[in-house]
Amino acid sequence: MPDDMKNSRTRAVIWDMDGVIVDTAEHHFNSWRYAFRLQGVTFTREDFQQVFGQRNDTIISKIMAGNVTREKMDRIALDKEENFRQIVKNDLRPLPGVIALLTTIKDNGILSAVASSAPLENIRLVLAGLGIEDCFQAVVYGDEVTEGKPSPLGFLLAARKLGVEPRDCIVIEDAIAGVHAAKRGGMRCIAVTNTHPAEDLGDADLVVDSLEKIGLKELNSLLMANKKPGDSMDRTLVLVKPDAMERNLGGAILARLESAGLKIVALKMLHVDEPLAHKHYAVHTGKPFFKDLIEYITSYPIIAAVFEGPDAVAVARQIMGATNPEKAEPGTIRRDFGLDVQRNSVHGSDSPENAEMEINLYFTPEEIVKR
Ligand code: IDP
Ligand code: MG
């Protein structure tokens, strides 16, 4: 994570695995049918629909109608999992949009965890098979928690392992029990209709037919909606700097911030004069680049804007990227438009306190609209 993101509140996406990252439903069905058949028990598609997404012990007790010893339960689970791994090794594909979304998440300093009802061995097998182990900072597997979904324990453990507040987490699920677990855990939930039709997943905050429809904008909007009543809206000062204005990039840069869900509440063009430049960059007085910085910021008219939204300071800085465009993450404004460490196209306040101060330098209270 770039240095200049460290003040932001960490956010996370918690992924269910089966039916979200990989499509293994048919494989699961076949291996359950195989394992129950060894016990002389029939396992139908209707049975499967009813138990999908639940833990092995829950599934086995339901299908065996409670009539099963601990030993037999272990046997059935083992038969099923061995058969499943065998099948999966030969047929592993990520679902549409998964790899692109994982990349977006990683590039924007958002954390990821897998919280799956599956055994750890299956999770490892899938992540390694797809080459995406590095995308996840935590894994929670079925037996790690005392209750499976719809209990929220698995998702809450994932959040704890990542060090992220539940309200800053988005769960991605395909199962009804999983959606309920996310909501009970106080998290936002995206449901993808890989396994169930949209009408069964209505408790999710957003239902999509493919993860190709999810990008940074959707993630940001969900996290904003997750603010508790009483949480304050943040404001940040954004400047489109001279180098970008000279290249007609004003609109493109403002659009990037709007796309992330931030709202413009004040906007103007101005030619920064020396006194304003000195006030704005007072903290850099005496630094070797100070004189050049003043000359640069006063060299051409700029756009000044106030953006508003939950965590506006952090969100804007994530979208802008590190001070030095060469070190900024791909897809950030500075990486895409910046010329060098000074001519880095955009300014964003670095803390809510500094944002207040900087906004007051550029705008009067009357110039900021109330929404
Ligand atoms: P920030 O804009 O990412 O918050 P600061 O360290 O606050 O970065 O620096 C303010 C501005 O000063 C930068 O955006 C950049 O335009 C300029 N600047 C920072 N460091 C250097 C440097 O080492 N050489 C030249 N200009 C610099
Ligand atoms: Mg700064």
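Index from 1, following the sequence. Just so you know, these numbers come straight off a predicted model, no measurement behind them. Atoms within each ligand, like the ligands themselves, are counted from 1 in listed order.
Polar contact with ligand 1: present for Gln342 (N/O pair, distance under 3.5 Å). In terms of polar-atom proximity, Arg343 is not counted as a contact of ligand 1, lacking any N or O under 3.5 Å from an N or O of the ligand.
Because its NZ or CZ atom is both nearer than 6.0 Å to the ring centre of Phe363 and within 45° of the ring axis, Lys268 counts as a cation-pi partner of that residue.
The shortest separation from a heavy atom of Arg317 to ligand 1 is under 4.0 Å, placing the residue in contact. Residue Lys287 places no heavy atom under 4.0 Å from ligand 1. Note on ligand 1: Asp350 sits outside its first shell, no heavy atom being nearer than 4.0 Å.
Under 4.0 angstrom from ligand 1, the non-hydrogen atoms of Lys241 all belong to its side chain. Proximity of Thr323 to ligand 1, defined as any heavy-atom pair under 4.0 Å, is shared by backbone and side chain alike.
When ring centroids are compared, Tyr362 and His280 come within the 6.0 Å threshold.
The main-chain N or O of Gly19 is found under 3.5 Å from a side-chain atom of Asn194 such that the two form a donor-acceptor pair. The backbone N or O of Glu326 lies less than 3.5 Å from a partner atom in the side chain of Asn324, making a donor-acceptor pair.
Applying the salt bridge (Lys or Arg N to Asp or Glu O under 4.0 Å) test to Arg335 and every residue at least two apart in sequence or in another chain returns nothing.
Set against the non-hydrogen atoms of Tyr281, the atoms of ligand 1 under 4.0 Å away are 10 (C). Short contacts between ligand 1 and Asn344, defined as distances under 4.0 Å to a heavy atom of the residue, involve ligand atoms 13 (C), 14 (O), 15 (C), 16 (O).
Residue nearest to atom 2 (O) of ligand 1, selected from Arg334, His284, His347: Arg334 (by heavy-atom distance).
The two atoms that bring Thr10 and Val164 nearest to each other are O-CG1, 3.4 Å, heavy atoms only.
Between Tyr281 and His284, the ring-plane angle classifies as tilted under the 30° and 60° cut-offs.
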